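Values in this document were obtained by computation on a predicted structure and should not be read as measured data.
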Amino acid sequence: GERLHILVRLREIGSALGDTDLVTSVTGDLHVLAEAMFDQDGEREAAFLALRDLLGERGDYPRLVELHERMAEASADDVDAARLLVEAARVAWSGLRDPARATRLVLRALLAAPDLMEAAALLSELGRSDDATLDALVVDELERIPTNRLGEDLIVRLAKAALRRDRED
C-alpha cells in the first residue's frame, strides 16, 4: 500500500511540475503495481482508485467499465456493488456511447439493490433515448425490476414496448 501511495504522489508532483518524463515513467509502474494489488483484499480499494484515475485520464473507457465491474464482483455489499455498476453504466453511456451496455449494467445494479435510487434514475435517463433495443432489454427484465422505483414516463414507454413485443410474438 505504501509503495502505491508513493507512486500516486510522485505522479501528482510530476504532473504539477509539468515533468512529462517523470509522469510517464511513474504511470507505467503505478499501473502494474495497482493491477497486482487489486487481487489483494486489503489493498483492493486503493488499487481500484489508482486504476480508475489512470484509466479515466487516458480515456480508456472499455477498461474503466471492466474495472468497475470487477470491483462490483469483489464487493461483499450489494448496495456498494450496485453503485459500482451504476458508475460503470455511466461510463458505458457517456464514455463508450453504448446505451445497450449501460442499460444492462444498470439493470444488474437494480437487481442487486432494488432500492438504489441512482440506478432507477439512470435507467429513467437511459429510457429517454429512442432506442428500441433498450426497450427490449428492459422489457426482458421487467418482471425482476421493482417498477415502483421507475419514473412514470419510463413505465408507460416500457408497457408500450411490452405490448408491441407481445403483438409481434
Heavy-atom closest pair (Pro114 atom, Leu111 atom, distance to 0.1 Å) is CD-O, 4.2 Å

Do you know which two heavy atoms are closest between Ser15 and Val23, and how far apart they sit?
N-CG2, 3.3 Å

Among residues at least two apart in sequence or on other chains, which ones pass salt bridge (charged side-chain N to carboxylate O under 4.0 Å, His left out) with Asp21?
none

For residues 29-56, the ring pair (Phe, Tyr, Trp, His ring centres under 6.0 Å) pairs (sequence neighbours left out) are Phe48-His68

Kindly compute the distance separating CG (Leu110) from CG (Leu85), expressed to the nearest 0.5 Å.
10.0 Å

Sorted by chain and residue number, the side-chain contact (heavy atoms from CB on, under 4.5 Å) partners of Asp60 (sequence neighbours excluded) come out as Leu55, Arg58, Pro62, Arg63

State, to 0.1 Å, how close Ala119 and Val106 come at their nearest heavy-atom pair, and which atoms those are.
O-CG2, 3.2 Å

What pairs of donor and acceptor atoms, side-chain ones from residues 74-81 against any protein atom, are under 3.5 angstrom apart with sequence neighbours left out?
residue	atom	partner	partner atom	Å
Ser75	OG	Asp77	N	3.2
Ser75	OG	Asp77	O	3.1
Asp77	OD2	Val79	N	3.1
Asp77	OD2	Asp80	N	2.7

Tell me the closest heavy-atom pair linking Leu105 and Ala92, and the distance in Å.
CD1-CB, 4.1 Å

Once salt bridge (charged side-chain N to carboxylate O under 4.0 Å, His left out) is applied, do any residues pair with Glu12, and if so which ones, sequence neighbours excluded?
Arg9

My understanding is that only residues two or more places apart in sequence, or in another chain, count here; which of them pass ring-ring contact (aromatic ring centres under 6.0 Å, His included) with Tyr61?
none

For Leu122 versus Ala89, what's the shortest heavy-atom pair and its separation?
CD2-CB, 3.6 Å

side-chain contact (heavy atoms from CB on, under 4.5 Å) against Ala112, all qualifying residues, sequence neighbours excluded:
Ala82

Listed by chain and number, what are the side-chain contact (heavy atoms from CB on, under 4.5 Å) partners of Glu118, not counting sequence neighbours?
Arg83, Val86, Arg90, Leu116

How close do Ala34 and Leu4 get, heavy atom to heavy atom, and via which atoms?
CB-CD1, 4.0 Å

In chain order, what residues pass the side-chain contact (heavy atoms from CB on, under 4.5 Å) check against Val26, with sequence neighbours excluded?
Leu7, Leu10, Arg11, Leu22

Keeping to residues at least two apart or across chains, list the side chain to side chain donor-acceptor pair (under 3.5 Å) pairs with something in residues 36-53.
Asp41-Arg44

